[in-house]
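Down below is the structure, laid out as structure tokens.
Just so we're clear, the structure is a prediction, and the values are computed from it rather than from any experiment.
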Amino acid sequence: MAYETILYDVSEGIATITLHRPDNMNSYNNTMCAEINQALDAADNDAAVRVVIFTGGEGTKKPVYCAGFDLTGGKPFDFSAEDIHETRDTGGTNALRLYEMKKPVIAAINGAAVGIGATMTLPMDVRIMSENAKMGFVFAKRGFVNEACSSWFLPRIVGVSKAVELVVTGRIIKAQEALACGLVSEVVPEGQAYARAREIAKEIADNCAPVSVALCRQMIYQMAGARWPMTAHKLESCSYHYIGVSPDALEGAASFLEKRPPEWKMDPAKDMPPEYPWFPPAQFPRNIQE
């Protein structure tokens, strides 16, 4: 399908979602929110896609991944006409869709990532940052609050104390600090973020079983809030029961013993265990306390 604010391309098992509003520094708006979710749906349901990469489009005044929410449209956060308990943060819908993905997602942060440009990357699995790029959770400096489920994701990535510091100061941090606190996994030379992301994506696409990747990813995320390790033991045991006699497990062992590349047959869009999803989907609560 045609998109207005993003570009979508699939090649070599990799779907690339490029934030593409060059005249607006790739800034985020409600249309981009909807199109990101549509593109994620397309990637998750396409057997040809094994990994997803997000990056910022070129043609901007200076290198930028996403300059944050487009504030030029009057009052973008005026929800006064809506019931407070029905209002949904747009970035949060992207974060929740990313959380549900069966395909791994890599952020190639090739320039400034500010506000939603930073928080949208938190539910992604790997973040690669250009050495001259910067990140900032600048909400308090603009009189807003952090969003995109970042109050859940950010402390799990950098720890509670660092998360609070980054959010309440709203300061811009450079690539090396982002690396030091675990916000990104690698810093690469200018212009190499997407190439490095693609190397990682190819490693996954060429070597790893798609359903195994989906199950591993979802087990780790869903166990992030588990009360005790016994829940993880139960979940892993059920997954072993299912996957142990699957075509891909048999192929994985055979290809290893025969010293040849594996030929995977299973598709996460249709071959997940019958018990998946393991837990009832969380509903948007009517009241905060629910």
Side-chain angles (χ1 to χ4, degrees), residues 8-17 39-55 97-108 123-128 156-157 182 184-188 192-226 228-279:
Y8 183 80
D9 174 74
V10 177
S11 65
E12 299 181 299
I14 303 165
T16 299
I17 298 173
L40 291 172
D41 285 345
D44 229 6
N45 292 305
D46 185 351
V49 173
R50 303 287 303 282
V51 186
V52 178
I53 298 175
F54 272 78
T55 195
R97 184 62 189 88
L98 284 162
Y99 178 84
E100 294 170 356
M101 287 291 289
K102 301 184 188 75
K103 315 286 175 74
V105 184
I106 302 172
M124 300 179 193
D125 306 301
V126 180
R127 285 168 293 281
I128 308 298
R156 284 168 170 77
I157 296 169
V184 300
S185 57
E186 290 185 45
V187 172
V188 297
Q192 295 300 310
Y194 179 74
R196 177 57 182 144
R198 198 164 180 94
E199 286 180 3
I200 298 171
K202 281 288 291 175
E203 183 177 359
I204 297 169
D206 291 348
N207 298 297
C208 300
V211 170
S212 295
V213 168
L215 288 170
C216 289
R217 182 187 190 276
Q218 280 299 317
M219 283 194 293
I220 289 173
Y221 274 113
Q222 296 202 29
M223 290 301 95
W228 48 21
M230 182 58 79
T231 308
H233 177 50
K234 174 65 174 179
L235 193 56
E236 292 164 5
S237 298
C238 289
S239 296
Y240 256 81
H241 183 275
Y242 173 77
I243 209 74
V245 294
S246 71
D248 280 359
L250 298 174
E251 170 62 12
S255 62
F256 173 76
L257 294 172
E258 296 166 13
K259 296 181 172 54
R260 59 172 176 80
E263 297 180 9
W264 310 119
K265 305 297 185 184
M266 299 170 72
D267 176 6
K270 58 183 179 64
D271 294 320
M272 295 292 276
E275 298 84 7
Y276 185 87
W278 302 293
F279 307 103

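One finds the CE atom of M223 at 5.0 Å from the CG atom of L235 (value rounded to the nearest 0.5 Å). A distance of 13.0 Å separates OG in S246 from NZ in K265, rounded to the nearest 0.5 Å. A distance of 11.0 Å separates CG of L215 from SG of C238, quoted to the nearest 0.5 Å.
By the 4.0 Å N-to-carboxylate-O rule, R97 lies close enough to D44 to be salt-bridged with it.
Applying the salt bridge (charged side-chain N to carboxylate O under 4.0 Å, His left out) test to R217 and every residue at least two apart in sequence or in another chain returns D125. Evaluation of the salt bridge (charged side-chain N to carboxylate O under 4.0 Å, His left out) rule for D267 yields no partner, not counting sequence neighbours. Here E199 pairs with R196 under the side chain to side chain donor-acceptor pair (under 3.5 Å) rule; sequence neighbours left out. With sequence neighbours excluded, the residues that form a ring-ring contact (aromatic ring centres under 6.0 Å, His included) with Y221 are Y99. Under the side chain to side chain donor-acceptor pair (under 3.5 Å) criterion, E236 pairs with no residue at all, not counting sequence neighbours. Taking the salt bridge (charged side-chain N to carboxylate O under 4.0 Å, His left out) definition, one finds that D46 meets it with nothing, sequence neighbours left out.
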Task: side-chain hydrogen bond (donor to acceptor under 3.5 Å, both in side chains) assessment of S11 paired with R198 - done: CA-CA 11 Å; S11 65; R198 198 164 180 94; 2.7 Å; yes
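Counting all heavy atoms, side chain and backbone alike, A43 lies closest to K103 at O-NZ, 2.8 Å. Nearest heavy-atom pair across G182 and R127 is O-NH2, 4.5 Å.
With contacts defined as side-chain heavy-atom distances shorter than 4.5 Å, the pair Y276/P268 does not qualify. Side-chain atoms of C208 and W264, non-hydrogen and from C-beta on, never get closer than 4.5 Å to each other. Side-chain contact between L98 and L40 is present, with heavy atoms from C-beta onward closer than 4.5 Å. By the 4.5 Å heavy-atom criterion applied to side chains, I200 and I128 are counted as neighbours. In this structure, I204 and P104 have side chains that are in contact, with non-hydrogen atoms separated by less than 4.5 Å.
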